[in-house]
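Heavy-atom basis, side chains included; hydrogens, waters and symmetry copies ignored.
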Amino acid sequence: GKKPRPPPPAPPAAVATAGLVIRAAAARVLGLRPGPCGADMQPIWVSEPGNGKVSFSLDGSSRSPFPAKDAALEALLDAIQRETDEISRRDDAISVVELARSEAESKYGKGIYDGKTTAPGDTLRLAYLPGGALVELPPGWTLCASAGACGRIAFARGAEEGKKADTLILTKKKQASVRFSVEVDAPAAPQELRGAAPSAEEAGPLDDGAVKVQVEGVDFGDLVGAKAAATNGAAKEEADAGDGEFVVTAHEVSGKIDYDKLINNFGSQRISKDLLARIEKLTVGAGRVPRLHHWLRREIYFSHRDMESLCKIVEQGKPFYLYTGRGPSSAALHLGHLIPFLFTKWLQDAFNVPLVVQMTDDEKFLWKGEYDAEKGDNLNHYYHLTMENAKDIIACGFDKSKTFIFSDLDYVGHMYPNIVRIWKSITYNTAKGAFGFVGESNIGQSAFPAIQAAPSFPSSFKTPLGGDDNMACLIPCAIDQDPYFRVTRDIGHKLVPKTHPLGGKPALLHAKFFPPLEGAAGKMSASNENSAVYLTDTPEMIETKIMKYAFSGGRDTAKEQKEKGADLTKDVAYQWLRFFLEDDEELERIGKEYGSGQGEYWNTGSVKKRLIDELKRMVQEHQERRAKITDDEVREWMAVRKLQF
């Protein structure tokens, strides 16, 4: 018979330590249990000292569904490298302890075993990395004294011509490998056994298999700006099935949102009937618009900060201005992107006020930009997207004499004194807490929130607003943007004269999320094509998307639908009609008939058809207006000039 293969040689201590750190990092990012995922080491160090390759199984990953797109997999590998760097930087002491097998199993469970294997005998040697892993140490292996002893652990990324990469995630095979090198060939710790075994409470969270690191491009869209996106479908479904758990932060939106709870969590105010009547008196009463916007009437804009004080300013005859923005990440906008602009256009008409629109091309480059050794970087690509997106914004029908659209790349010099003041006022701890920055965020990302805050202050627009530093600012936005402006409001008094009516705080109007096609929880995402209707879609595409993908709240059979009617809260076509059908009476009729299964709109098909007609008309009119807008026209809207108000 064949002789059993001898086990591979034990790795040098520095390589073994790096393997343990990478395994802990991967477990935190990929939602793995550090023990059961195994960690096969290929003995590359034999021919290439200081190098190793570790592979582990993704079978137990709690990331569900596991991402399949290359860009998402690269983002996960980036995150594992960042987490590896962070564990090395903390440089925690690594304990190595011996325990009786029975004691170890009863205290920690079987999650301590390395993959499927364990050393023979009644005694186990366990390696414990605080906050990272508690796993059995293979016979003959030694580790450095601490996680940072081997210096930086660098991943080998990319592949040579015609070869497969050594650091990669294979979704179908449910496997991940990391090829790495250590900076310092550090020796093993002087005592082989050292430190204390963790308590069961300390060890428990290491083996729970939960995802502990949120990854940009996988768990949320863009970190900063009015465009965070929830792509975590699994979290949505769980939230739907569960007891209404939901998440809304500056960079994640998921679950079935309880907006009352959100108002309590954020500390904003609900828009009351009294406040609506006051807004109506100042706008409809002044004869500038025929009636309140249907998004106010239907509580789609539902929460605010300082809107009462803003009404008081208007009643006193003092001016204010509107501020909104867009991060130009794609040439085509979807309907969800239009919502803040359509509402802002109504506010401009209703209050007869100037508007500034910030195009954050700088932000998009800081988060998504690329550098190529041959071609250089793609910063100009985002500037080009600014021009394209500006055409869609102009097509919403703003008043040119009262509207200034600006690219950060062009205009930032005018705002720079205020940006410096904001930088000076916000500590790094506050920024990290509010925006989720980590040690591997580039320094531009950490600095960016000040650039998004600067337009909240009139002194950023000396020419367009005519030098009145006492003007108040109103920002209509989706409620996930509130955390940015909370930080801005906290320091606002430092950027305005003492006589500023709101003490420098921008007022805010918050919108509910526009639901994605696949289900009325969370928020629409531009990264998932079937979750959105784009302003470039043809009538046929609109029809197909609504018919095929719009989640239905209708019943399974015609009989059941006629008896019970549809669940309007879950039905996407009905929810979209709440956004886009202006006629209250028609909407009420559709809701009554569809919700009871009676009349013309008794079933899903008829409601979807009504929505399709509305969207085709809306998108076609938008496309016709946009087609007439030239680059020269955009430049006129972007010219620094005094606005007429």
Quick check against the 3.5 Å criterion: does R298 have a side-chain atom that pairs as donor or acceptor with the backbone of R578? yes
Do side-chain atoms of D306 reach the backbone of S309 as a donor and acceptor pair under 3.5 angstrom? no
Determine, for E624 against K628, whether the closest basic-nitrogen to carboxylate-oxygen distance falls under 4.0 angstrom. no
Enter the distance from L342:CG to I339:CD1 here, rounded to the nearest 0.5 Å. 7.5 Å
Is a donor on one side and an acceptor on the other found under 3.5 Å between the side chain of S460 and the backbone of S456? no
Would you say I426 and P449 make side-chain contact, with heavy atoms under 4.5 Å? no
Under 3.5 Å donor-acceptor, N378 side chain and E370 backbone: yes
Below 30° counts as parallel, above 60° as perpendicular, anything between as tilted: where do the rings of F461 and Y411 land? parallel
Roughly how far, to the nearest 0.5 Å, is CD of E299 from NZ of K512? 5.5 Å
When the aromatic ring centroids of H334 and H337 are compared, is their separation below 6.0 Å? yes
For residues W423 and N418, determine if any side-chain heavy atom of one lies less than 4.5 Å from a side-chain heavy atom of the other. no
Might you work through the side chain to side chain contact (heavy atoms under 4.5 Å, CB included) test for S407 and Y383, ending with a clear yes or no? CA-CA 8 Å; S407 145; Y383 186 69; 3.4 Å; yes
Establish, from distance only, whether the side-chain atoms of N429 and T427 form a donor-acceptor pair under 3.5 Å. no
Does S446 reach the side chain of Y428, with side-chain heavy atoms less than 4.5 Å apart? yes
Is the W346 ring parallel, tilted or perpendicular to the H293 ring (thresholds 30°, 60°)? perpendicular
With sequence neighbours excluded, give me every salt bridge (Lys or Arg N to Asp or Glu O under 4.0 Å) pair touching residues 532-543. D537-K545, E543-K616
D482: what forms a side-chain hydrogen bond (donor to acceptor under 3.5 Å, both in side chains) with it, not counting sequence neighbours? R305, R486, H510
With R291, which residues qualify under side-chain hydrogen bond (donor to acceptor under 3.5 Å, both in side chains), at least two apart? D584
Using 30° and 60° as the class boundaries, would you call the ring planes of Y301 and F343 parallel, tilted or perpendicular? parallel
Are any side-chain N or O atoms of K364 and backbone N or O atoms of P328, one a donor and one an acceptor, separated by less than 3.5 Å? no
Those residues at least two apart in sequence (or on a different chain) that pass side-chain hydrogen bond (donor to acceptor under 3.5 Å, both in side chains) with T536 are none
Could you name each residue pair satisfying salt bridge (Lys or Arg N to Asp or Glu O under 4.0 Å) that touches residues 333-350, not counting sequence neighbours? K345-D349
How many angstroms lie between atom CG of L509 and atom CD1 of I475, to the nearest 0.5 angstrom? 10.0 Å
Measuring from atom NZ of K424 to atom NZ of K494, what distance do you get when rounded to the nearest 0.5 angstrom? 8.0 Å
Under 3.5 Å side-chain donor-acceptor pair for S268 and S303: yes
Report yes if the side chains of R489 and P506 come closer than 4.5 Å at any heavy-atom pair, otherwise no. yes
May I ask you to test the P497-N470 pair for a side-chain heavy-atom distance under 4.5 Å? yes
Charged N to carboxylate O below 4.0 Å: is that the case for R626 and D392? yes
Donor-acceptor pair, distance only, cut-off 3.5 Å: does the side chain of Q445 make one with the backbone of L366? yes
I'd like to know if R157 pairs up with E74 as an ion pair, taking the criterion as any Lys NZ or Arg NE/NH1/NH2 lying under 4.0 Å from an Asp or Glu carboxylate oxygen. yes
Flag side-chain contact, heavy atom, 4.5 Å: K642 against F645: yes
Please answer whether the main-chain N or O of L535 pairs with a side-chain N or O of Q623 as donor and acceptor at a distance below 3.5 Å. yes
Side chains of K402 and N352: is there a donor and an acceptor less than 3.5 Å apart? yes
Tell me whether the centres of the aromatic rings in F365 and Y371 are closer together than 6.0 Å. no
Is the closest side-chain heavy-atom distance between T324 and F341 below 4.5 Å? yes
List the steps and the verdict of side chain to side chain contact (heavy atoms under 4.5 Å, CB included) for L385 and D361. CA-CA 8 Å; L385 291 180; D361 32 25; over 6 Å; no
Is the count of non-hydrogen atoms from other residues, nucleotides or ligands lying under 6.0 Å from K312 atom NZ greater than 12? no
T360 and D408: side-chain donor and acceptor closer than 3.5 Å? no
Using modelled atom types only, decide if a donor and an acceptor are shared between the side chain of W576 and the backbone of P515 within a distance under 3.5 Å. yes
Inspect the surroundings of CG in D70 and state if more than 12 heavy atoms from other residues, nucleotides or ligands are less than 6.0 Å away. no
For the NZ atom on K400, are there more than 12 heavy atoms of other groups (residues, nucleotides or ligands in this structure) within a distance under 6.0 Å? yes
May I ask you to say whether E621 pairs ionically with R617, meaning some side-chain N is under 4.0 Å from a carboxylate O? yes
Output the distance between atom CG (L335) and atom CE (M618), rounded to the nearest 0.5 Å. 5.0 Å
If we count only N and O atoms by modelled type, under 3.5 Å, do the side chains of Y382 and D362 hold a donor and an acceptor together? no
In this structure, is the centre-to-centre distance between the rings of F435 and F448 below 6.0 Å? no
Between the side chain of K391 and the main-chain N/O of A627, is any donor-acceptor distance below 3.5 Å? no
R610 with D613: basic N within carboxylate O range, under 4.0 Å: no
Between D399 and Q348, is there a side-chain donor-acceptor contact under 3.5 Å, judged purely by atom types and distance? no
Could you please spell out the steps behind the side chain to side chain contact (heavy atoms under 4.5 Å, CB included) verdict for M307 and I271? CA-CA 9 Å; M307 193 62 199; I271 297 176; over 6 Å; no
Any donor and acceptor pair, going by atom type alone, linking the side chain of T403 with main-chain N or O of F398 inside 3.5 Å? no
State yes or no: are the ring centers of Y321 and Y323 separated by less than 6.0 Å? no
Stepwise salt bridge (Lys or Arg N to Asp or Glu O under 4.0 Å) check, R635 with D632: CA-CA 5 Å; R635 285 186 195 99; D632 285 341; 2.9 Å; yes
With sequence neighbours excluded, what pairs up with W637 under the side-chain hydrogen bond (donor to acceptor under 3.5 Å, both in side chains) test? E633
Would you give the length of the straight line joining atom OH of Y549 to atom CD of E518, rounded to the nearest 0.5 angstrom? 8.5 Å
Side chains of T463 and R641, heavy atoms from C-beta outward: is any pair under 4.5 Å? no
